[in-house]
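All remarks here apply to the structure that follows.
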Amino acid sequence: MTNTTENTAENTQLMTVVVTGATGRTGSRVARAAEAAGLTVRAASRATGFDWWDSSTWADTLRGADAAYLAHPSDVGAPGAAEVVGALAREAVGLGVRRLVLLSARGEDQALPTEEALRASGTDWTVVRAAWFAQNFSEGPLVAELRERGELVFPADEVREPFLDVRDIADVVVSVLTSGDRYAGRILNLSGGRLLTFGEAVAEIAGVTGRPLSYRAVSTRDYGEALAGFGVPPEEVAGMTEIFGTLLDGRNAHLSDGVREVLGRAPRDFGDFVREEAAAGTWKA
Ligand SMILES: NC(=O)c1ccc[n+]([C@@H]2O[C@H](COP(=O)([O-])OP(=O)(O)OC[C@H]3O[C@@H](n4cnc5c(N)ncnc54)[C@H](OP(=O)(O)O)[C@@H]3O)[C@@H](O)[C@H]2O)c1
């Protein structure tokens, strides 16, 4: 711990970190936590002129930075993610951005080529493999359904998942960035501290909000058909259903100790997340 503290003081001095996805679930928290730790944050999203799909926008964002947090905007295992992350990482290395931290997904085979592309870029890399976010229940595409129809429909059957609070991801990323080389070349697996089925998670939200919220499991195929019905392009549907099919087949129904390893404390509890979001009115009809 002493070593980490010394490194922190030394490395935050004048460190500039590019935070991609800075308006998103993890990036917004990474940006806040990095600023709180004394780093200079360069927020990156389309609003700042940075576009993952337009490589001509990358250099202006990366030039002069020391480090970058990379959150691929669609899934990290989506088709094409490895190519774009690899190209961005090589450009970063060429511009002297020496530390890259990639947000990846725990147990997602489809994300492995993206991780490999990062490693092959020649950077000082760290991969943060996250469990399913607790904030999937409070921010993002699943929330409106839960809030407005009182039902979450998802192809997760009765599988258990250790939902992870994205604030823990942010704390880990900042600790990685401010700990010198300590986590360079490391894959960190992060999860929350409790295994819950999606039904149990929704029941916790129902219990705290007093609303009769429920979870309905559907098959991956039915879920894909529903997505297609909402106009999601067929290639995207195929990619998403393949990823959900592997992520939610039981392989991730275990805890990982990355939060404790890096932060020296337990992960935030799903119940605390639910109480905070309920108090903020997240699931009010
Ligand atoms: N959800 C989970 O449970 C989970 C678990 C593990 C890993 N992950 C990984 O998390 C990553 C997503 O991170 P997140 O959830 O923090 O993000 P998010 O909340 O989905 O937000 C996406 C971010 O990307 C930005 N963005 C979208 N398109 C862009 C583009 N073309 N160029 C530049 N920026 C763009 C958005 O900003 P603007 O729209 O303002 O540009 C926004 O800041 C994915 O790679 C996913 O695989 C998710």
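Both counts, for ligands and for their atoms, begin at 1 and track the order of listing. Residue indices begin at 1 and follow the sequence shown.
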Response to the item:
A student checking ligand 1 against W53 at a 4.0 Å heavy-atom cut-off should list atoms 31 (N)
Discussion item. Which residue and atom name correspond to the protein heavy atom nearest atom 32 (N) of ligand 1, and how close is it?
Written reply: W52 N, 2.9 Å
Response to the item:
So the atoms of ligand 1 within less than 4.0 Å of a heavy atom of V76 turn out to be 44 (C), 45 (O), 46 (C), 47 (O)
Worksheet entry | Any side-chain donor near an acceptor of the partner, E161 and N252, under 3.5 Å | no
Practice prompt. Give me the ring orientation class for W283 and F273: parallel if the planes are under 30° apart, tilted from 30 to 60°, perpendicular past 60°.
Written response: perpendicular
Practice prompt. List for me each residue that meets side-chain hydrogen bond (donor to acceptor under 3.5 Å, both in side chains) alongside T282, sequence neighbours excluded, and say none if there are none.
Written response: E277
Response to the item:
Ranked by distance from atom 39 (O) of ligand 1, the top protein heavy atom is R46 NH2, 2.7 Å
Fill in: H72 and W53 aromatic ring geometry - parallel, tilted or perpendicular at 30°/60° bounds
perpendicular
Response to the item:
D75 heavy atoms within 4.0 Å reach ligand 1 at atoms 45 (O), 47 (O)
Worksheet item: Quick check: does P73 get an N/O under 3.5 Å from an N/O on ligand 1?
Response: no
Item to complete: Do me a favour and list the nearest non-hydrogen protein atom to atom 20 (O) of ligand 1 with residue, atom name and distance?
Response: R25 NH2, 3.4 Å
Worksheet item: Does a donor on one side chain and an acceptor on the other come within less than 3.5 Å for E91 and S55?
Response: no
Worksheet item: Is there a donor-acceptor contact under 3.5 Å linking the side chains of T48 and R42?
Response: no
Discussion item. Quick check on contacts: which atoms of ligand 1 are under 4.0 angstrom from a heavy atom of N136?
Written reply: 1 (N), 2 (C), 3 (O)
Discussion item. Quick check on contacts: which atoms of ligand 1 are under 4.0 angstrom from a heavy atom of A22?
Written reply: 43 (O)
Worksheet item: So E151 and R216, salt bridge (Lys or Arg N to Asp or Glu O under 4.0 Å) or not? Walk me through it.
Response: CA-CA 7 Å; E151 186 182 58; R216 181 158 57 90; 3.1 Å; yes
Practice prompt. Check the pair E236, V232 against side chain to side chain contact (heavy atoms under 4.5 Å, CB included), reporting the backbone distance first and the verdict last.
Written response: CA-CA 7 Å; E236 231 173 279; V232 178; 3.7 Å; yes
Worksheet, complete the sentence: One finds that the ligand 1 atoms under 4.0 Å from a non-hydrogen atom of W132 are 3 (O)
Item to complete: Please write down residue, atom name and distance for the protein heavy atom closest to atom 12 (C) of ligand 1.
Response: H72 O, 3.5 Å
Discussion item. Classify the ring geometry of F137 against F270: parallel below 30°, tilted from 30° to 60°, perpendicular beyond 60°.
Written reply: perpendicular
Worksheet item: Has R119 got its NZ or CZ under 6.0 Å from the middle of the six-membered ring of W125, at an angle within 45 degrees of the ring axis?
Response: yes
Item to complete: Flag F133 as yes when one of its N or O atoms lies below 3.5 Å from any N or O atom of ligand 1, and as no otherwise.
Response: yes
Item to complete: Measure the acute angle between the ring planes of F50 and W58, then classify it against the limits of 30° and 60° as parallel, tilted or perpendicular.
Response: tilted
Discussion item. So that I know where these two stand, are F154 and Y223 an aromatic pair - ring centroids less than 6.0 Å apart?
Written reply: yes
Item to complete: Nearest 0.5 Å please: distance from the OG1 atom of T126 over to the CG atom of L70.
Response: 11.0 Å
Item to complete: Look only at interatomic distance and state if A105 has a nitrogen or oxygen under 3.5 Å from any nitrogen or oxygen of ligand 1.
Response: no
Discussion item. Please check whether T23 reaches ligand 1 - meaning an N/O of the residue sits under 3.5 Å from an N/O of the ligand, judged on distance alone.
Written reply: yes
Worksheet item: What's the shortest distance from atom 16 (O) of ligand 1 to any protein heavy atom, and which residue and atom give it?
Response: T26 OG1, 2.6 Å
Worksheet item: Which atoms from ligand 1 have a heavy atom of A130 less than 4.0 Å away?
Response: 6 (C)
Worksheet entry | Heavy atom of S74, distance to ligand 1 below 4.0 Å | yes
Worksheet item: Which residue and non-hydrogen atom of the protein lie closest to atom 10 (O) of ligand 1, and at what distance in Å?
Response: L103 CD2, 3.2 Å
Fill in: Distance from atom 23 (C) of ligand 1 to nearest protein heavy atom, with residue and atom
G21 CA, 3.7 Å
Worksheet item: Which heavy atom of the protein is the closest neighbour of atom 31 (N) of ligand 1, given with residue, atom name and distance?
Response: D51 OD1, 2.9 Å
Worksheet item: ligand 1 and A71, any nitrogen or oxygen pair closer than 3.5 angstrom?
Response: no
Item to complete: Answer yes or no for S104: is there a heavy-atom contact with ligand 1 below 4.0 Å?
Response: yes
Item to complete: Would you mind running through ligand 1 and noting each atom that sits below 4.0 Å from a heavy atom of A131?
Response: 5 (C)
Discussion item. Within a 6.0 Å radius of atom CZ on R251, are there more than 12 heavy atoms belonging to other residues, nucleotides or ligands?
Written reply: yes
